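Just so you know, these numbers use all the heavy atoms, side chains as well, and skip hydrogens, waters and symmetry mates. Counting begins at 1 with the first residue of the sequence. Keep in mind the model is a prediction, meaning the values are calculated, not measured.
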Amino acid sequence: RMRAIFEMIWRWLPIDSGGPAMRTTMVAPCPSAAPKSIGLRRRATATALLAAACASSPSDLQPLTKRLIGGEAASHALISEAFGGLDTHSPNEALAAAAERGDIDAASAAWWGFNPHDSSKILEAALASRTSILLIPDMGRPWFTGPLRLRGSLTLILEPGAEILALPGAFIPTDACLFKGKDVDNLRIIGYGARIAMRKTDYWKAPYERSQHRHALSLIGARHLRVSGLSIESSGGDGVYIGQVRGGPIPEAILLEDL
């Protein structure tokens, strides 16, 4: 079974070109999992990618449901610590402006407003702010949005119960992603109990052109990235895509957990 997983991974890796391999720090991989026939660099890279999957036995792992419940509790605690008694569900122009200036460390996207039909500009403004913690709260209704751009030096928290849904008709370009980040460094996304979803079946018919690149979460050249607890559904491509532009930064120090 591990050999089959390994072969699935290495088929996605670039052919040896003499360039640097993806750098990652993981524990030792499962022995004898790597096919001997593949190139040494591809073998080493895929071995590193496999390491996380086989470093611990199932008996060492807490059941997923317990981890998810614990993650939701930790998210609520983090939100409470970051915001205290501040209202995170109502518009607040003064606090939004302070976040844009970088005068405060934590902000709620709802301070820029909420539009149940299209919150694209609201979320774009919130993500472009200079705060180090951004909360997307549960508004009792989904946040509908077009493609969004991520940045580094940010902890993005989706409050348990929050939903971010792809806006119908907003993802016509073949590489339009729900969230996309390029060369981001030090990004943490926490989404226990939250959900992001695209509209996969829509992308199979006009006016869309078929594509495998409408990812839910696309991160190119990311470093020091951690994504935790997020439910990802109906992406037009991959749920999470991590890649590298030729000649660009190599993805490094990445952890995906409880997705």
Side-chain angles (χ1 to χ4, degrees), residues 74-167 170-171 176-198 215-230 232 240 249 253-254:
S75 293
H76 284 301
L78 180 58
I79 293 168
S80 178
E81 180 181 354
F83 293 94
L86 288 175
D87 181 358
T88 58
H89 293 77
S90 301
N92 192 317
E93 292 184 6
L95 288 177
E100 291 172 357
R101 294 192 301 268
D103 293 343
I104 55 177
D105 293 329
S108 170
W111 293 348
W112 282 264
F114 175 74
N115 184 330
H117 306 293
D118 183 358
S119 287
S120 301
K121 293 188 180 301
I122 293 168
L123 293 175
E124 287 170 5
L127 285 165
S129 70
R130 299 173 63 186
T131 187
S132 57
I133 298 175
L134 178 64
L135 170 69
I136 300 180
D138 174 14
M139 302 298 288
R141 290 178 290 179
W143 296 80
F144 283 96
T145 182
L148 297 170
R149 180 72 62 175
L150 293 169
R151 61 173 174 86
S153 300
L154 175 67
T155 296
L156 177 63
I157 307 172
L158 280 66
E159 184 178 21
E163 293 182 290
I164 302 176
L165 306 184
L167 185 68
F171 292 80
C177 301
L178 188 52
F179 288 96
K180 181 182 289 188
K182 183 178 180 183
D183 301 343
V184 295
D185 191 354
N186 192 25
L187 172 64
R188 175 79 193 272
I189 301 175
I190 304 172
Y192 287 97
R195 169 177 174 257
I196 67 173
M198 299 185 74
H215 311 303
L217 178 58
S218 174
L219 294 151
I220 308 298
R223 299 176 67 249
H224 306 108
L225 165 72
R226 184 171 181 175
V227 183
S228 307
L230 194 60
I232 303 172
V240 180
I254 293 170

Could you check if a side-chain atom of [X] sits within less than 4.5 angstrom of a side-chain atom of [Y], using non-hydrogen atoms only?
{"X": "Ile189", "Y": "Leu150", "value": "yes"}
{"X": "Phe114", "Y": "His89", "value": "no"}
{"X": "His76", "Y": "Pro160", "value": "yes"}
{"X": "Leu219", "Y": "Ile254", "value": "no"}
{"X": "Arg130", "Y": "Glu100", "value": "no"}
{"X": "Trp143", "Y": "Leu148", "value": "no"}
{"X": "Ile164", "Y": "Leu158", "value": "yes"}
{"X": "Asp87", "Y": "Asn92", "value": "no"}

How far does [atom1] of [X] sit from [atom2] of [Y], to the nearest 0.5 angstrom?
{"X": "Leu217", "Y": "Leu225", "atom1": "CG", "atom2": "CG", "value": "7.5 Å"}
{"X": "Leu134", "Y": "Ser108", "atom1": "CG", "atom2": "OG", "value": "7.5 Å"}
{"X": "Ile220", "Y": "His215", "atom1": "CD1", "atom2": "NE2", "value": "7.0 Å"}
{"X": "Leu230", "Y": "Phe179", "atom1": "CG", "atom2": "CZ", "value": "8.0 Å"}
{"X": "Glu124", "Y": "Trp112", "atom1": "CD", "atom2": "CH2", "value": "13.0 Å"}
{"X": "Leu156", "Y": "Arg188", "atom1": "CG", "atom2": "CZ", "value": "11.0 Å"}

**Message:** Is it the case that the side chains of His224 and Asp185 hold a donor-acceptor pair, with the cut-off being a distance below 3.5 Å and no angle test?
**Reply:**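 Side chains of Asp185 and His224: pair found under 3.5 Å.
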Without swapping roles, check the side chain of [X] against the backbone of [Y] for a donor-acceptor pair under 3.5 Å.
{"X": "Arg151", "Y": "Ser129", "value": "yes"}
{"X": "Ser132", "Y": "Leu154", "value": "no"}
{"X": "Ser119", "Y": "Asn115", "value": "yes"}

Considering non-hydrogen atoms only, spot the tightest contact between [X] and [Y] and give its length.
{"X": "Ile122", "Y": "Ala109", "result": "CG2-O, 3.7 Å"}
{"X": "Thr88", "Y": "Trp111", "result": "CA-NE1, 3.9 Å"}
{"X": "Ala176", "Y": "Pro147", "result": "CB-CG, 4.1 Å"}
{"X": "Leu167", "Y": "Ser120", "result": "CD2-OG, 4.3 Å"}
{"X": "Phe144", "Y": "His117", "result": "CB-O, 3.6 Å"}
{"X": "Pro137", "Y": "Ala162", "result": "O-CB, 3.8 Å"}

**Prompt:** What's the verdict on side chain to side chain contact (heavy atoms under 4.5 Å, CB included) for Asp105 and Ile133, showing C-alpha distance, side-chain angles and the deciding distance?
**Reply:** CA-CA 6 Å; Asp105 293 329; Ile133 298 175; 5.6 Å; no
**Asked** Run the side chain to side chain contact (heavy atoms under 4.5 Å, CB included) check on Glu159 and Leu135 step by step: do they pass?
**Response** CA-CA 7 Å; Glu159 184 178 21; Leu135 170 69; 3.9 Å; yes
**Message:** Among Leu178, Leu165, Ile196, which residue satisfies the side-chain contact (heavy atoms from CB on, under 4.5 Å) criterion with Thr145?
**Reply:**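 That would be Leu178.
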**Prompt:** Within a radius of less than 6.0 Å around CZ of Arg195, do more than 12 heavy atoms belonging to other residues, nucleotides or ligands occur?
**Reply:**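 Enclosed: over 12 neighbouring heavy atoms sit under 6.0 Å from CZ of Arg195.
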**Prompt:** Does a sphere of radius 6.0 Å around CG in Asp103 hold more than 12 heavy atoms from other residues, nucleotides or ligands, not counting ones at 6.0 Å or beyond?
**Reply:**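 Above 12, so yes.
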